[in-house]
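Structure record follows, encoded as structure tokens.
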Amino acid sequence: MPNIIGIIPARGGSKGLQRKNLQLIDGKPLIWFTLQMAKKSTLLEKIVVSTDDLVIADYVKSQNVEVVSRPQHLATDDSPVSSSVIYTVDFLESHYGYKADIIVVLSPATPLRTFNSIDKAINLILNSEYDSIFSATISFENQSRNYGKWEFNKDGKFECVYDRYSRKRRQDFYNKFYIQENSSIYIIKQDVLKKYQSLIGEAPGFTIMMTEESMIINTEDHLSRAEILYKRIFKPEFEGKT
């Protein structure tokens with residue numbers, strides 16, 4: 001069995017919501033939700049939080065989860081998550097001799113993700129030829145979304161954003177389906193992570209998550225909506241109640 005590690009990147013700063021990872025949903029810090037589901041996973045053998053923030057680090061340690069301190073240059077708004085993940089993987093190997101074969105990256109910004117979704121994604125990479133997996137939702141794009149719309153271009157000219165010389169009938173429009181990354185779960189083999197310096201390799205697969213599970217927290221409104229969903233749908237699974 002390969003060594004499978006869960007890495008939770010949780011820096012202190014945030015553009016949209018200050019100290020986002022410590023904001024509360026139903027009285028619990030945002031990061032608590034990801035910690036809970038990582039602990040409930042049946043396939044993660046090790047869980048580590050990567051953070052530059054001492055308050056986050058103290059909270060994580062109080063939850064009996066290991067912390068790897070992240071250098072400041074890997075904790076800016078422009079720092080790729082993959083860089084902090086590689087740093088964490090290298091730190092664990094050089095300091096503790098732990099070699100991660102498969103890395104599972106879990107964003108605290110999607111707090112309603114369940115452990116079943118985590119294990120489903122891990123099983124997919126264990127039982128396939130994929131070199132990486134990402135969680136996703138299904139999105140739809142209707143061809144008519146720009147129909148009849150006009151805008152001012154960069155030169156201030158008023159122009160049409162659809163083909164007004166070939167106007168379509170309603171029945172000629174179609175829906176296009178996309179697989180949309182939801183930024184909740186990324187799984188990648190260590191050699192692929194190092195080769196591409198990315199959380200997605202050249203032969204990726206995907207796993208679909210429910211829309212409710214995929215909610216990303218970026219604003220106060222998102223926190224309020226997540227709390228409603230949590231209380232209505234997810235609370236028994238997170239807190240072990242029936």
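Checking side-chain atoms of Arg70 against main-chain N and O of Ala75 turns up no donor-acceptor pair under 3.5 Å. At least one donor-acceptor pair under 3.5 Å links the side chain of Lys40 to the backbone N or O of Glu237. Remark: side-chain polar atoms of Thr51 are paired, donor with acceptor, to backbone N or O of Ala10 under 3.5 angstrom. A distance-only check finds a donor-acceptor pair linking the side chain of Ser82 to the backbone of Gln197 [under 3.5 Å]. Using modelled atom types, one side-chain atom of Asp131 and one backbone atom of Ala203 make a donor-acceptor pair closer than 3.5 Å. A donor-acceptor pair under 3.5 Å links the side-chain atoms of Asp52 to the main chain of Gly12, judged by distance alone. At least one donor-acceptor pair under 3.5 Å links the side chain of Gln190 to the backbone N or O of Ala100. His222 places no side-chain N or O within donor-acceptor distance of the main-chain N or O of Met215, the cut-off being under 3.5 Å. Without hydrogens or angle criteria, Lys39 side chain to Gln63 main chain gives a donor-acceptor distance under 3.5 Å. Of the possible donor and acceptor atoms, none in the side chain of Asp155 sits under 3.5 Å from a partner among the backbone N and O of Lys157.
No hydrogens or angles considered: a donor-acceptor pair under 3.5 Å links the side chains of Glu213 and Ser117. No hydrogens or angles considered: a donor-acceptor pair under 3.5 Å links the side chains of Thr76 and Ser79. Using modelled atom types, one finds a donor on one side chain and an acceptor on the other under 3.5 Å when comparing Lys20 with Asn218. Thr137 and Asn182 share no donor-acceptor pair across their side chains, judged by distance under 3.5 Å alone.
Of all the heavy atoms in Ser198 and Leu193, the pair that sits closest is O-CD1, 3.4 Å. Counting all heavy atoms, side chain and backbone alike, Ala38 lies closest to Ile118 at N-CD1, 4.2 Å. The minimum heavy-atom distance linking Ser107 with Ser183 is given by the pair CB-O, 3.3 Å. The two residues Ala109 and Leu30 make their nearest non-hydrogen contact at CA-CD2, 4.3 Å. Closest approach of Asp119 and Ser41 over heavy atoms only: OD1-OG, 2.5 Å. Contact detail for Gly156 and Phe152: the closest heavy-atom pair is O-CD2, 3.4 Å.
In this structure Asp163 satisfies the salt bridge (Lys or Arg N to Asp or Glu O under 4.0 Å) test with no other residue, sequence neighbours excluded. Shown here are the ring pair (Phe, Tyr, Trp, His ring centres under 6.0 Å) partners of Phe91, two or more places apart in sequence or in another chain: His95. When the ring pair (Phe, Tyr, Trp, His ring centres under 6.0 Å) test is applied to Tyr165, no partner is found at least two apart in sequence or on another chain. In this structure, Phe134 has no ring pair (Phe, Tyr, Trp, His ring centres under 6.0 Å) partners at least two apart in sequence or on a different chain. A search for salt bridge (Lys or Arg N to Asp or Glu O under 4.0 Å) contacts involving Glu66 returns Lys46, not counting sequence neighbours.
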*Give the C-alpha distance, both sets of side-chain angles, the deciding distance and a yes or no for side chain to side chain contact (heavy atoms under 4.5 Å, CB included) between Leu106 and Leu44.*
CA-CA 11 Å; Leu106 303 171; Leu44 288 177; 4.3 Å; yes
*Would you check, one step at a time, whether the test side chain to side chain contact (heavy atoms under 4.5 Å, CB included) holds for Ile5 with Leu92?*
CA-CA 11 Å; Ile5 186 173; Leu92 292 172; 3.3 Å; yes
*Please report the C-alpha distance between Glu227 and Leu223 in whole Å, then the side-chain angles of each, then the deciding distance to 0.1 Å, and finally whether the side chain to side chain contact (heavy atoms under 4.5 Å, CB included) criterion is met.*
CA-CA 6 Å; Glu227 182 160 315; Leu223 285 170; over 6 Å; no
*Where do Leu112 and Ile233 land on the side chain to side chain contact (heavy atoms under 4.5 Å, CB included) test, with the steps shown first?*
CA-CA 10 Å; Leu112 302 181; Ile233 301 173; over 6 Å; no
*Kindly determine whether Phe33 and Tyr230 satisfy ring-ring contact (aromatic ring centres under 6.0 Å, His included), including the steps that lead there.*
CA-CA 10 Å; Phe33 296 86; Tyr230 178 68; 5.1 Å; yes
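Lys120 is not listed as a side-chain neighbour of Asn116, based on a closest heavy-atom distance of 4.5 Å or more. The shortest side-chain heavy-atom distance between Asp53 and Arg19 falls under the 4.5 Å cut-off. Between Ile4 and Leu126, the closest side-chain pair of non-hydrogen atoms falls below 4.5 Å. Contact annotation: the side chain of Ile133 never approaches that of Ile185 to less than 4.5 Å [non-hydrogen atoms, C-beta and beyond]. Inter-residue side-chain proximity for Val68 and Ile7 is flagged as unmet; no heavy-atom pair is nearer than 4.5 Å. Using a 4.5 Å cut-off on side-chain heavy atoms (C-beta onward), Val48 and Val67 make no contact. Glu239 has its side chain out of reach of Gln36: every pair of non-hydrogen atoms, C-beta onward, lies at least 4.5 Å apart. The closest side-chain heavy-atom distance from Ile102 to Ile122 is not below 4.5 Å.
Linking Ile, Leu, Val, Met, Phe, Trp and Tyr whenever their side-chain heavy atoms come within less than 4.5 Å puts Leu229 and Met210 in one cluster. A continuous path of Ile, Leu, Val, Met, Phe, Trp and Tyr side chains, each step under 4.5 Å between heavy atoms, connects Phe234 with Ile31, placing both in one hydrophobic cluster. Connection of Ile216 to Leu17 is not established within any shared hydrophobic cluster, with ILVMFWY side chains joined at heavy-atom distances below 4.5 Å, either directly or through further cluster members. Linking Ile, Leu, Val, Met, Phe, Trp and Tyr whenever their side-chain heavy atoms come within less than 4.5 Å leaves Ile208 and Val104 in two separate clusters. Under a hydrophobic clustering in which Ile, Leu, Val, Met, Phe, Trp and Tyr are joined whenever their side-chain heavy atoms come within less than 4.5 Å, directly or via other members, Ile47 and Ile125 fall into the same cluster.
Ring centroids of Phe140 and Phe177 are separated by less than 6.0 Å, placing the two rings close together.
Here the straight-line distance linking atom CD1 of Ile217 with atom CG of Asp221 works out to 9.5 Å at 0.5 Å rounding. Atom OG of Ser135 is separated from atom CZ of Arg113 by 7.5 Å, given to the nearest 0.5 angstrom. Put simply, NZ on Lys28 and NZ on Lys235 are 5.0 Å apart, with the number rounded to the nearest 0.5 Å. Taken from CD1 in Ile187 to CZ in Phe206, the straight-line distance is 14.0 Å, to the nearest 0.5 Å. Remark: Thr42 OG1 to Asn123 CG distance equals 7.0 Å, nearest 0.5 Å.
The pair Arg232-Glu212 does not meet the salt-bridge criterion, since no charged nitrogen lies less than 4.0 angstrom from a carboxylate oxygen.
Within a 6.0 Å radius of OH in Tyr59, other residues, nucleotides and ligands contribute more than 12 heavy atoms. In Leu24, the CG atom is crowded: over 12 heavy atoms of neighbouring residues, nucleotides or ligands sit closer than 6.0 Å. Within a 6.0 Å sphere centred on CD of Glu129, other residues, nucleotides and ligands contribute 12 heavy atoms or fewer.
Sorted by first and then second residue, the pairs that involve residues 88-104 and meet salt bridge (charged side-chain N to carboxylate O under 4.0 Å, His left out), not counting sequence neighbours, are Asp90-Lys194, Lys99-Asp101.
If you run side chain to side chain contact (heavy atoms under 4.5 Å, CB included) between Val49 and each of Thr34, Leu35, Thr88, Asn21, only Leu35 comes through.
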